[in-house]
Amino acid sequence: MQKTGMAVTGDEIAATGDMPTYQIRAPPTALPQGVVVAASPGSLHSPQQLAEEATRKRELRLMKNREAAKECRRRKKEYVKCLESRVAVLEVQNKKLIEELETLKDICSPKTD
DNA sequence: CAATCTGATCGTCATTTAAT
DNA sequence: ATTAAATGACGATCAGATTG
């Protein structure tokens, strides 16, 4: 079964304490609507450009992490399958050993007459 | 048949681990 | 020390099963 769920959790609620810039929770989109600030002469980056760059970076990070999570889950599933098949093998092996033990016991047990 | 339960899957955040 | 990738945990969403 394939799911198409989109989990849209609160995306900017957690208190933004001190954290590295590459992890800023929500892009600084706090510019007064409609107000256009001219780029300072000589500067390559107006505040808008910086904001856009921030959102761009954030979206890229989310996308990468999304893919990383998928891959991580895939690997984990495979790992669990591996363990399960190992369990199956060991169970068979254990059963055989128990049987062998029983026959050896029979052979070695003193005769009861 | 609608309401509820259940298990699977997903995206995101926070944290840990690995790479530089 | 900084940055990127991997992973655990959480809540949201869906599909199918169960129940009254």
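The shown structure was predicted, so the numbers you read here are calculated from the model rather than taken from an experiment. Below, chains carry the letters A, B, ... as their sequence lines are ordered, and counting in each starts from 1.
- Atom pair A:Leu62:CG and B:dC10:P shows a separation of 17 Å (rounding to whole Å applied).
- Salt bridge status for A:Glu71 with A:Arg74: present, with a side-chain N to carboxylate O gap under 4.0 Å.
- We find that CZ of A:Arg74 is positioned 11 Å from P of C:dT7, with the value rounded to whole Å.
- Between C:dG8, C:dT7, C:dA5, one nucleotide has an atom nearer to the side chain of A:Lys76 than all others, and that is C:dG8.
- Between the CD atom of A:Glu67 and the P atom of B:dT12 there is a distance of 11 Å, rounded to whole Å.
- A:Ile98 has its side chain out of reach of A:Lys95: every pair of non-hydrogen atoms, C-beta onward, lies at least 4.5 Å apart.
- The distance between atom CE of A:Met63 and atom P of B:dC10, rounded to the nearest whole Å, is 16 Å.
- For A:Cys72, whose side chain is taken as the heavy atoms from C-beta onward, the closest listed nucleotide among C:dT7, C:dA5, B:dT9 is C:dT7.
- If you take CG of A:Leu60 and C1' of B:dT12, they are 15 Å apart, rounded to a whole angstrom.
- Counting to the nearest Å, the C1' atom of C:dT3 and the CG atom of A:Asn65 are 14 Å from each other.
- Put simply, NZ on A:Lys57 and CG on A:Leu60 are 9.5 Å apart, with the number rounded to the nearest 0.5 Å.
- Using a 4.0 Å cut-off, some side-chain N or O of A:Arg66 falls inside it from OP1 or OP2 of B:dT12.
- Computed from coordinates, the A:Lys77 NZ to B:dA8 P distance equals 9 Å when rounded to whole Å.
- For the pair A:Glu71 CD and C:dG8 C1', the interatomic distance rounds to 17 Å; values are reported in whole Å.
- Residue A:Lys64 has a polar side-chain atom (N or O) positioned under 4.0 Å from OP1 or OP2 of C:dA5.
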* To do: Begin from the C-alpha positions of A:Lys81 and A:Glu78 and carry the test salt bridge (charged side-chain N to carboxylate O under 4.0 Å, His left out) through to its verdict.
  => CA-CA 5 Å; A:Lys81 265 192 195 173; A:Glu78 201 156 285; over 6 Å; no
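- Residue A:Arg73 is in base contact, counting any heavy-atom pair closer than 4.0 Å across all strands shown.
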